[in-house]
Undergrad: 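This is the structure I want to talk about, given as structure tokens.
Just so you know, residue 1 is the first one in the sequence shown, and it goes up from there. Keep in mind it's a predicted model, so treat the numbers as computed, not measured.
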Amino acid sequence: MEKIKMNPIVEMDGDEMTRILWKEIKEELLLPFLDLKTEYYDLGLVSRDATDDQITIDAANAVKRLHVGVKCATITPNAQRMEEYHLKQMWKSPNGTIRAILDGTVFRAPILTGMIPAYVPTWKKPITIARHAYGDLYKGTEYRVPCPGTATLSFKGIDGTEFSQTVYDYECPGVLQGIYNKDSSIESFARSCFNFALATKQDLWFSAKDTISKQYDQTFKLIFQRIFDEEYKQKFEDAGITYFYTLIDDAVARVMRSEGGFIWACKNYDGDVMSDMVSAAFGSLAMMTSVLVSPDGNFEYEAAHGTITRHYYRYLKGEQTSSNPIATIFAWSGALGKRGELDENERLQKFASDLEKACLDTVKAGTMTGDLANLCGRKGVNSLTFLKAVRARLEEKYA
């Protein structure tokens, strides 16, 4: 067949087992069918350390320029990784850096195969997690308190405003952390959520803990309500969908009793945790899509899971692994589909759709990796065998 032409997207490579899968996905499912055009950035931990993390910044700015990117899972180093990789410093989350630069919202939703019943019996439809993509723990400042003393929170404004308050009088060593956010990012988060709800015709829930966090979380609540009342209330009524705010503990209880089919907006860390909970309850952490959407029309697609470290160490020993590549495949299909949509490239859009269907049809036919096979009472295959089965379906389609 004549390979499908396309304009370039930003390609961000990653770490460990997902880096291996990334290469195999390109070789088996993309290069045989596409004249694949990408602007490549290696965001593997070794490369980030060698460039003092400048490559992460460059990749994010490339997404702003080309409007579409696809990212492999990456390591956010801790003390153990510092020693293992001999790093210069404990680099911050690359996802956090990219999100801050793009000022977007992360929308995560489970990939449903119809083969795996949800662990929550009432869940019949996907639950989309809208995760704020700025600030909080991912850009926090931390300090190990070495001895008794007083910790204060202070601010000096350019208009002369000054504020200082005691956080805690330490009677022994401990830890201290400061986090921040800003109105402009929260406003972008709110509008992204409202627009996504209107585009998908889904109800929108937003949850935080303003009863405890009477400034930080309440600011989120008030900004969401103001923008909804001023800009979106009538649009939601016309679309027949609803928006409401509730405390996050109440939201969790409501979610567990629901049938799904709505968008649940959360602050940055809350969204990170809840998206893992939702994906696991729908069957597998490897079955979760993730797209970062910025208010100025930029899109970055990735898998919601990590780098599959345990399988990578087995791979280094020469052992066969059964890592699930579906979420990473859907990251590629999402980016390719969006590139096709923005460029009005119907062939590329159709290929992205066909790629996703080939994955799901392969699972439904009984060929799946170990994580899904264990849930279905079947025998799993290794990752490459699964990819080759998907490729066979695409070759039949495009023969």
Undergrad: For residues 272-291, pull every pair meeting ring pair (Phe, Tyr, Trp, His ring centres under 6.0 Å), keeping only residues two or more places apart or in separate chains.
TA: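 Applying ring pair (Phe, Tyr, Trp, His ring centres under 6.0 Å) to every pair that reaches into residues 272-291, excluding sequence neighbours, yields W123-F282.
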
Undergrad: Are M368 and Y119 linked, directly or through intermediate hydrophobic residues, by side-chain heavy-atom contacts shorter than 4.5 Å (ILVMFWY only)?
TA: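 Yes: a chain of side-chain contacts under 4.5 Å links Y119 to M368.
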
Undergrad: Do E11 and K71 meet the salt-bridge criterion of a basic N to acidic O distance under 4.0 Å?
TA: no

Undergrad: Using side-chain hydrogen bond (donor to acceptor under 3.5 Å, both in side chains) as the criterion, list what pairs up with D296, not counting sequence neighbours.
TA: S294, N298

Undergrad: Between CD of Q320 and NE2 of H311, what distance do you get to the nearest 0.5 Å?
TA: 12.0 Å

Undergrad: S322 and N382: side-chain donor and acceptor closer than 3.5 Å?
TA: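 Judged by distance alone, the side chains do not pair up.
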
Undergrad: Would you kindly say whether D58 and Q54 are connected by a side-chain donor-acceptor distance under 3.5 Å?
TA: yes

Undergrad: Without hydrogens or angle criteria, can the side chains of D15 and Y312 be said to hold a donor-acceptor pair below 3.5 Å?
TA: no

Undergrad: Would you name the heavy atoms of T74 and G14 that are closest together and state the gap between them?
TA: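 Heavy atoms only, the tightest pair is CG2-CA, 3.8 Å.
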
Undergrad: Is it true that a side-chain atom of T122 and a backbone atom of S258 form a donor plus acceptor pair closer than 3.5 Å?
TA: yes

Undergrad: Can you get from Y398 to I25 by hopping between Ile, Leu, Val, Met, Phe, Trp and Tyr side chains that sit under 4.5 Å apart?
TA: yes

Undergrad: Give a yes or no answer on whether the side chain of R144 reaches the backbone of G174 with a donor-acceptor pair at less than 3.5 Å.
TA: yes

Undergrad: Okay, side chain of K139, backbone of D136: is any donor-acceptor separation there less than 3.5 Å?
TA: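 Such a contact is absent between K139 side chain and D136 backbone.
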
Undergrad: Does E396, at its CD atom, have more than 12 non-hydrogen atoms belonging to other residues, nucleotides or ligands within less than 6.0 Å?
TA: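 No, not enclosed.
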
Undergrad: Examine the side chains of N268 and R131 and answer whether a donor and an acceptor come within less than 3.5 Å of each other.
TA: yes

Undergrad: Can any side-chain N or O of K124 pair as donor or acceptor with the backbone N or O of P121 at less than 3.5 Å?
TA: yes

Undergrad: Would you please say whether a donor-acceptor pair under 3.5 Å links the side chains of T128 and W264?
TA: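 T128 vs W264: no donor-acceptor pair found between side chains.
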
Undergrad: Please name the pair of heavy atoms, one in G337 and one in Q349, separated by the smallest distance, quoted to 0.1 Å.
TA: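 Looks like O-CG, 3.7 Å.
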
Undergrad: Do Y138 and D272 make a side-chain contact, defined as non-hydrogen atoms from C-beta onward lying under 4.5 Å apart?
TA: yes

Undergrad: Quick one: does any side-chain atom of S185 pair with a main-chain N or O of K182 as donor and acceptor, under 3.5 Å?
TA: no

Undergrad: If I take atom CG from residue L112 and atom CG from residue L360, how far apart are they, to the nearest 0.5 angstrom?
TA: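 The CG atom of L360 is 9.0 Å from CG of L112, to the nearest 0.5 Å.
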
Undergrad: Determine yes or no for a side-chain-to-main-chain donor-acceptor pair under 3.5 angstrom, with D343 supplying the side chain and N345 the backbone.
TA: no

Undergrad: Test of understanding: with side-chain hydrogen bond (donor to acceptor under 3.5 Å, both in side chains), list the residues that count as partners of K23, not counting sequence neighbours.
TA: E27

Undergrad: Is there a donor in the side chain of R108 and an acceptor in the side chain of S290, or the other way round, less than 3.5 Å apart?
TA: yes

Undergrad: Short question: side chain of K209, backbone of K214 - any donor-acceptor pair under 3.5 Å?
TA: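 No, the answer is negative, given that no donor and acceptor are paired below the 3.5 Å cut-off.
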
Undergrad: Whether D35 and K5 form a salt bridge (side-chain N of Lys/Arg under 4.0 Å from carboxylate O of Asp/Glu) is what I want to check.
TA: yes

Undergrad: Around E344, counting heavy atoms of other residues, nucleotides and ligands shown, do more than 12 lie under 6.0 Å from its CD?
TA: no

Undergrad: State whether R226 and E187 are salt-bridged, where the test is any N-O pair (Lys NZ or Arg NE/NH1/NH2 against Asp/Glu carboxylate O) under 4.0 Å.
TA: yes

Undergrad: If you group Ile, Leu, Val, Met, Phe, Trp and Tyr whenever their side-chain heavy atoms sit less than 4.5 Å apart, what else falls in with V63?
TA: V10, M12, Y41, L43, I55, L66, I98, L102, V106, L292

Undergrad: To the nearest 0.5 Å, what is the distance between CE on M277 and CE on M256?
TA: 6.0 Å

Undergrad: Treating R339 as the side-chain partner and P8 as the backbone partner, does any N or O pair qualify as donor plus acceptor under 3.5 Å?
TA: yes

Undergrad: Does OH in Y170 sit with more than 12 non-hydrogen atoms of other residues, nucleotides or ligands closer than 6.0 Å?
TA: yes

Undergrad: Can you pull the ring pair (Phe, Tyr, Trp, His ring centres under 6.0 Å) pairs that have at least one residue in residues 13-32, sequence neighbours excluded?
TA: W22-W332

Undergrad: Kindly write out the residues that satisfy side-chain contact (heavy atoms from CB on, under 4.5 Å) with K357, not counting sequence neighbours, or none if the list is empty.
TA: D361

Undergrad: Out of curiosity, does V167 fall in the hydrophobic cluster containing F163 (side-chain heavy atoms, cut-off under 4.5 Å, transitive links)?
TA: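 Yes, because F163 and V167 connect within a single hydrophobic cluster, where side-chain heavy atoms sit under 4.5 Å apart.
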
Undergrad: Is it the case that over 12 heavy atoms from other parts of the model lie below 6.0 angstrom from the CD atom of Q215?
TA: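 Count not over threshold, so no.
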
Undergrad: Is it true that the side chains of N95 and S93 contain a donor and an acceptor less than 3.5 Å apart?
TA: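 Result is no, nothing qualifies.
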
Undergrad: Would a single hydrophobic cluster contain both I212 and L137, if residues Ile, Leu, Val, Met, Phe, Trp and Tyr are joined by side-chain heavy-atom contacts under 4.5 Å?
TA: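 Shared cluster, no.
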
Undergrad: Can T141 and Q177 be said to form a side chain to side chain contact (heavy atoms under 4.5 Å, CB included), step by step?
TA: CA-CA 6 Å; T141 301; Q177 181 182 68; over 6 Å; no

Undergrad: Would you say S192 and N195 are linked by a side-chain donor-acceptor pair, where the criterion is simply a distance under 3.5 Å?
TA: no

Undergrad: Would you name the heavy atoms of K92 and T76 that are closest together and state the gap between them?
TA: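 K92 and T76 have their closest heavy atoms at C-CG2, 4.3 Å.
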
Undergrad: Salt bridge check: are E28 and R391 linked by an N-O gap of less than 4.0 Å?
TA: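 Yes, E28 and R391 are salt-bridged.
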
Undergrad: Is the closest basic N to carboxylate O distance between K88 and D49 below 4.0 Å?
TA: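 No, no charged N to carboxylate O under 4.0 Å.
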
Undergrad: Indicate the atoms forming the closest heavy-atom contact of T246 with A251, along with that distance.
TA: CG2-CB, 3.7 Å

Undergrad: Do I263 and V291 belong to the same hydrophobic cluster, where Ile, Leu, Val, Met, Phe, Trp and Tyr are linked whenever their side-chain heavy atoms lie under 4.5 Å apart, directly or via other members?
TA: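 Looking at the clustering, V291 is in the same group as I263.
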
Undergrad: Applying side-chain contact (heavy atoms from CB on, under 4.5 Å), can you list everything that pairs with H305, at least two apart in sequence or on another chain?
TA: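 Counting only residues at least two positions away or on another chain, H305 forms a side-chain contact (heavy atoms from CB on, under 4.5 Å) with T18, A286, A303, I308, A327, T328.
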
Undergrad: Kindly write out the residues that satisfy side-chain contact (heavy atoms from CB on, under 4.5 Å) with S164, not counting sequence neighbours, or none if the list is empty.
TA: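 S164 satisfies side-chain contact (heavy atoms from CB on, under 4.5 Å) with T152, S154 only.
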
Undergrad: Pairs in or reaching into residues 179-231: which pass ring pair (Phe, Tyr, Trp, His ring centres under 6.0 Å), with residues at least two apart or in two chains?
TA: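 Passing the test, one end in residues 179-231: F107-F196, H132-F189, H132-F220, Y134-Y180, F189-F224, F194-F224, F194-F228, F194-Y232, F194-F236, F194-Y243, W205-F244, W205-F262, F206-F224, F206-Y245, Y216-F220, F228-F236, F228-Y243.
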
Undergrad: Any donor-acceptor pair under 3.5 Å linking the side-chain atoms of T362 with those of R393?
TA: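 The criterion, which ignores hydrogens and geometry beyond distance, is satisfied for T362 and R393.
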
Undergrad: How would you list all residue pairs meeting salt bridge (Lys or Arg N to Asp or Glu O under 4.0 Å) that involve residues 232-242, not counting sequence neighbours?
TA: none

Undergrad: Hey, what else clusters with L222 if you join Ile, Leu, Val, Met, Phe, Trp, Tyr whenever side-chain heavy atoms sit under 4.5 Å?
TA: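 None; L222 is a cluster of one.
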
Undergrad: For L29 and V390: C-alpha separation, side-chain torsions, deciding distance, then whether side chain to side chain contact (heavy atoms under 4.5 Å, CB included) applies.
TA: CA-CA 8 Å; L29 303 182; V390 176; 3.9 Å; yes

Undergrad: Minimum heavy-atom separation for S275 to M288, with atom names?
TA: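 Answer, listing the atom of S275 first, then M288: O-CE, 3.4 Å.
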
Undergrad: Go through the structure and list residues passing side-chain contact (heavy atoms from CB on, under 4.5 Å) with R81, not counting sequence neighbours.
TA: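 Residues passing side-chain contact (heavy atoms from CB on, under 4.5 Å) with R81: E16, I75, P77, N78, E84, Y85, T307, T309, Y313.
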
Undergrad: I want to check something: taking the side chain as every heavy atom from C-beta on, are D217 and K267 in contact at a cut-off of under 4.5 Å?
TA: yes

Undergrad: Counting distance only, does the side-chain N/O of N61 pair as donor-acceptor with the main-chain N or O of I57 below 3.5 Å?
TA: yes

Undergrad: So does D210 get a backbone contact from the side chain of S213, meaning a donor-acceptor N/O pair under 3.5 Å?
TA: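 Side chain of S213 to backbone of D210, a donor-acceptor pair under 3.5 Å: no, none is there.
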
Undergrad: Please give me the minimum heavy-atom distance between S323 and L21, naming the atom from each residue.
TA: CB-CD1, 3.9 Å

